[in-house]
There are 2 protein chains.
Amino acid sequence: MVDHQARPGRPVTSVDVARHLGVSQSTVSLALSGAPRVSEATRQRVLDACDELGYRPVAAGRRLRTGRSNTIGLFVPKLGYEVFDRVLHGVREGLAAADDSVRWSVLIGSTDNDLHEQAALTDAVQAHDFDGLILAAVNEPDAGPLKRFAGRIVAIETAPPGVPRRSYDLDQAARTMLDVLLELGHRRIGHLSALPDKTAFAQQRQALVTAIGSSGTAGVSLLEADAADVTLEAGIDAIAPMLALPEAARPTAIVCDDSRLAAAVYAGAADERLTVPTDLSVICSHLDDVGRGIRPALTGLYRPAEAVGSLAALALVDAINGVPIDAEVLLPCELVAGDSVAPAPATTAR
Amino acid sequence: MVDHQARPGRPVTSVDVARHLGVSQSTVSLALSGAPRVSEATRQRVLDACDELGYRPVAAGRRLRTGRSNTIGLFVPKLGYEVFDRVLHGVREGLAAADDSVRWSVLIGSTDNDLHEQAALTDAVQAHDFDGLILAAVNEPDAGPLKRFAGRIVAIETAPPGVPRRSYDLDQAARTMLDVLLELGHRRIGHLSALPDKTAFAQQRQALVTAIGSSGTAGVSLLEADAADVTLEAGIDAIAPMLALPEAARPTAIVCDDSRLAAAVYAGAADERLTVPTDLSVICSHLDDVGRGIRPALTGLYRPAEAVGSLAALALVDAINGVPIDAEVLLPCELVAGDSVAPAPATTAR
DNA sequence: CTGAAAGCGCTTACAG
DNA sequence: CTGAAAGCGCTTACAG
């Protein structure tokens with residue numbers, strides 16, 4: 001008797017529910033919002049009728065009226081990285097903890113890390129009325145499509161000018177890795193990064209250079225290699241020439257900016273019959289599930305992704321509510337000791 | 001002079017643009033939609049004014065009027081898996097290829113693979129008026145919140161009853177893996193899976209049992225182990241007891257339902273001083289970046305995720321447009337030969 | 001070629 | 001405690 005499968009053309013609306021019960025449409029709306037003015041009996045009848053008719057509020061109606069969607073957008077350059085899942089968990093926690101009485105939901109947009117990055121972001125932002133945006137490692141978004149979000153954006157990792165930021169302390173990460181290597185006697189250090197035009201990677205490169213400059217240790221040389229993509233395959237291609245260098249020129253340790261790149265160094269080392277860590281130390285600035293899967297256990301830094309996500313969410317809710325927020329908060333990364341670093345071969349040889 | 005930072009309370013609307021130009025609001029709207037009735041000169045003035053004032057259409061307005069958001073939701077149980085990134089790419093391709101003249105955008109929802117799965121899905125679906133939904137490996141969604149999407153859902157991997165499905169042929173995958181192992185003389189086979197209550201994994205378990213039953217080879221024994229989560233750590237915990245069995249009872253080969261679990265078997269084998277593949281063969285039903293990173297190179301099946309995503313998107317667009325679609329299409333997985341399988345030790349020993 | 005107007009489904013003052 | 005009405009910003013017939 002009741003049509004559960006409302007045809008797409010005409011959804012069940014609050015007017016349908018009202019008519020079904022012989023009450024006014026406003027009563028239905030107020031009952032659902034839990035307003036105190038409607039009697040408990042009426043509220044119950046309304047809830048039952050909604051159930052029976054399969055009523056679901058059309059979000060666009062509320063959005064248009066209130067100007068709020070109670071949804072925030074989390075934009076990432078690519079799905080498939082553990083770190084973004086951890087960020088999302090943090091964001092959810094932050095949203096739940098926000099003293100704000102709204103039940104937020106999060107929708108994710110992937111900018112796809114390619115030429116269409118801008119288009120993907122723009123489309124998704126256009127198509128949906130987010131109350132605010134969190135950009136995680138999204139490369140330098142052009143202000144255009146984001147203009148309407150001025151004051152309602154928080155960025156993680158890279159931030160466009162003027163956008164508040166909650167991120168990892170990459171300088172501390174670089175110093176930590178360098179200290180480990182210098183302590184073990186490494187002086188010829190390789191650096192395998194990727195996507196040189198991406199700000200997120202450019203930052204790490206800069207951090208390592210800075211760390212070397214301010215280390216106070218002389219005679220440290222840095223060899224750079226950039227993978228065309230953040231994949232095992234591209235990493236192997238990029239690191240192979242460096243590992244094929246004669247022993248006297250070859251780095252004794254490689255700093256990797258992604259776990260996939262560390263796996264690539266392991267594979268490349270095996271190809272050259274080099275043993276990790278005795279012939280070659282490997283350290284990674286960004287440990288994740290890929291890095292945890294390889295053996296010997298990878299030494300590296302673990303990002304406080306949940307905490308950063310949570311801080312970003314709390315800041316965003318404040319920003320949305322007009323509460324002033326700090327421009328930048330950086331959280332330190334934790335060193336996880338594995339078995340992928342050892343004293344530099346030259347040092348032990350003498 | 002122009003206020004680019006529209007305060008959140010009051011966005012720039014088409015009325016503002018119209019007023020600015022001294023034209024009607026409908027002219028602005030029609031100019032933007034590219035209707036032929038507005039003159040080229042007027043259209044240009046409108047576009048310039050929109051730029052100048054920073055006008056961005058409020059999506060809720062259009063949605064309310066047209067009933068369409070031109071957005072589809074892709075729901076996944078968890079971020080951080082390469083396969084979902086590949087599915088997303090396929091979905092985008094399919095959407096672009098749909099003969100449909102609408103510029104679709106995709107927003108992703110993560111159901112978070114936990115107790116709140118349902119809540120997360122519901123929230124996101126409620127908060128946004130998607131025109132349709134693709135559910136990728138989302139566990140048995142209760143029909144409740146999804147009712148309004150009847151006829152506008154396509155599922156990947158697991159599908160609730162009555163929901164059309166585009167997926168991987170897991171039976172073919174199980175048969176292929178089993179054939180490889182039987183051919184090499186393996187008869188005691190272990191199976192490392194995870195999350196036994198998740199349909200996506202239950203399917204793979206069933207497929208393997210079926211494949212053994214119909215293989216025509218007698219004397220095949222199957223030992224099951226289930227990890228509490230799809231992580232290296234949980235995998236090691238789950239497989240350790242099996243690998244600690246006396247040699248006569250220990251499986252000579254392990255089938256893994258995820259690359260993280262295969263990495264766990266590698267780690268567990270190393271703990272027991274077992275060499276892969278001479279002492280223990282490992283094969284994986286789902287190769288991804290984690291699996292590609294470990295050595296010896298993992299033998300396993302590669303899912304046609306892009307193709308499945310694309311089929312799902314095309315089917316969904318048809319469904320949205322009222323075109324009838326097939327209930328189920330399954331695509332075969334490709335066997336990728338690595339170095340992780342070898343003849344069963346017992347066979348070579350005699 | 002352009003304008004005035006209706007209406008999508010909500011929330012929320014405003015009357016009773 | 002409840003109803004009638006306005007209005008959020010769009011798109012799209014309907015007039016001119």
Side-chain angles (χ1 to χ4, degrees), chain A residues 6-46 49-50 53-71 101-102 126-129 131 148, chain B residues 6-46 49-50 53-71 101-102 126-129 131 148:
Chain A
R7 58 229 162 289
R10 191 34 200 98
V12 180
T13 74
S14 55
V15 171
D16 297 324
V17 178
R19 205 147 26 207
H20 181 84
L21 287 175
V23 302
S24 77
Q25 183 269 334
S26 26
T27 297
V28 173
S29 178
L30 290 162
L32 289 174
S33 73
R37 63 162 246 190
V38 33
S39 73
E40 198 38 57
T42 311
R43 166 191 274 85
Q44 206 42 255
R45 289 176 58 219
V46 169
C50 288
L53 301 179
Y55 169 67
R56 305 279 158 184
V58 171
R62 164 188 305 190
R63 162 63 181 83
L64 205 52
R65 175 63 222 236
T66 64
R68 300 274 298 242
S69 65
N70 296 349
T71 307
S101 85
V102 353
Q126 301 278 61
H128 188 281
D129 300 298
D131 289 340
R148 66 196 286 196
Chain B
R7 58 226 162 293
R10 213 337 236 118
V12 179
T13 74
S14 55
V15 171
D16 298 325
V17 177
R19 204 146 29 207
H20 180 83
L21 288 175
V23 300
S24 77
Q25 183 268 334
S26 25
T27 296
V28 173
S29 179
L30 290 163
L32 290 174
S33 74
R37 64 163 246 188
V38 34
S39 72
E40 198 37 58
T42 311
R43 167 191 274 81
Q44 207 40 256
R45 288 175 59 219
V46 169
C50 288
L53 301 178
Y55 168 67
R56 305 279 158 185
V58 170
R62 163 188 306 191
R63 162 64 182 82
L64 206 51
R65 175 62 222 237
T66 65
R68 300 275 299 244
S69 64
N70 296 349
T71 307
S101 85
V102 355
Q126 301 278 60
H128 188 278
D129 300 297
D131 289 340
R148 65 196 288 195

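Bear in mind the structure is a predicted one, so any value in this text is a computation, not a measurement. Below, chains carry the letters A, B, ... as their sequence lines are ordered, and counting in each starts from 1.
The two residues A/Y55 and A/V12 make their nearest non-hydrogen contact at CD1-O, 3.3 Å.
The side chain to side chain donor-acceptor pair (under 3.5 Å) test applied to A/S33 returns no partner, not counting sequence neighbours. Evaluation of the side-chain contact (heavy atoms from CB on, under 4.5 Å) rule for A/V15 yields A/T13, A/R19, A/Q25 as partners, not counting sequence neighbours. In this view, B/A60 and A/A60, A/R63, A/L64, A/D129, B/V58 satisfy the side-chain contact (heavy atoms from CB on, under 4.5 Å) rule, not counting sequence neighbours. The side chain to side chain donor-acceptor pair (under 3.5 Å) test applied to B/S69 returns B/D131, not counting sequence neighbours. By the salt bridge (Lys or Arg N to Asp or Glu O under 4.0 Å) test, B/R62 pairs with no residue at all, sequence neighbours left out. Every residue was checked against the side chain to side chain donor-acceptor pair (under 3.5 Å) condition with A/S29, not counting sequence neighbours, and none meets it. For the side chain to side chain donor-acceptor pair (under 3.5 Å) test, no residue two or more places apart in sequence or in another chain qualifies with B/T71.
Under 4.0 angstrom from either OP1 or OP2 of C/dC8 there lies no side-chain N or O belonging to A/T13.
Atom-to-atom, CG of A/L64 to C1' of D/dA6 comes out at 13 Å; the value is rounded to the nearest Å. To the nearest angstrom, C1' of D/dT2 lies 12 Å from CZ of A/R45. At whole-Å resolution of the value, CZ in B/R43 and P in C/dT2 are 10 Å apart. One interatomic measurement links the two molecules: CZ of B/R19 to C1' of C/dT2, which rounds to 18 Å at whole-angstrom precision. Atom CG of A/D129 and atom C1' of D/dG9 are 10 Å apart (whole Å). Rounded to whole Å, the distance from CD on A/E40 to C1' on D/dT2 is 16 Å. In this structure, CG of A/L32 is placed 9 Å from P of C/dC10, rounded to the nearest angstrom.
Comparing C/dG3, D/dG9, D/dT2 against the side chain of A/T42 picks out D/dT2 as the nearest. Ranking C/dT2, D/dG9, D/dA4 by closeness to the B/P11 side chain, first place goes to D/dG9. Listed nucleotides C/dC1, D/dT2, C/dA4 differ in distance to B/S24; the shortest reach to its side chain belongs to C/dA4.
Residue A/V15 is out of contact with every strand shown, counting any heavy-atom pair closer than 4.0 Å.
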- Go through the steps for A/L53 and A/H20 under the test side-chain contact (heavy atoms from CB on, under 4.5 Å), then give the verdict. CA-CA 9 Å; A/L53 301 179; A/H20 181 84; 3.8 Å; yes
- Task: Would you mind building the protein contact string for nucleotides 11-16 of chain C? One character per nucleotide, 5' to 3', B for base within reach (heavy atoms under 4.0 Å), S for sugar-phosphate only, - for untouched.
- Result: BB-B--
- Message: Let's test your reading of the pairing rules: Watson-Crick or G-U wobble, both distances under 3.5 Å, then write DNA chain D as a dot-bracket string with ( ), [ ], | and dots.
- Response: |||.||||||||.|||
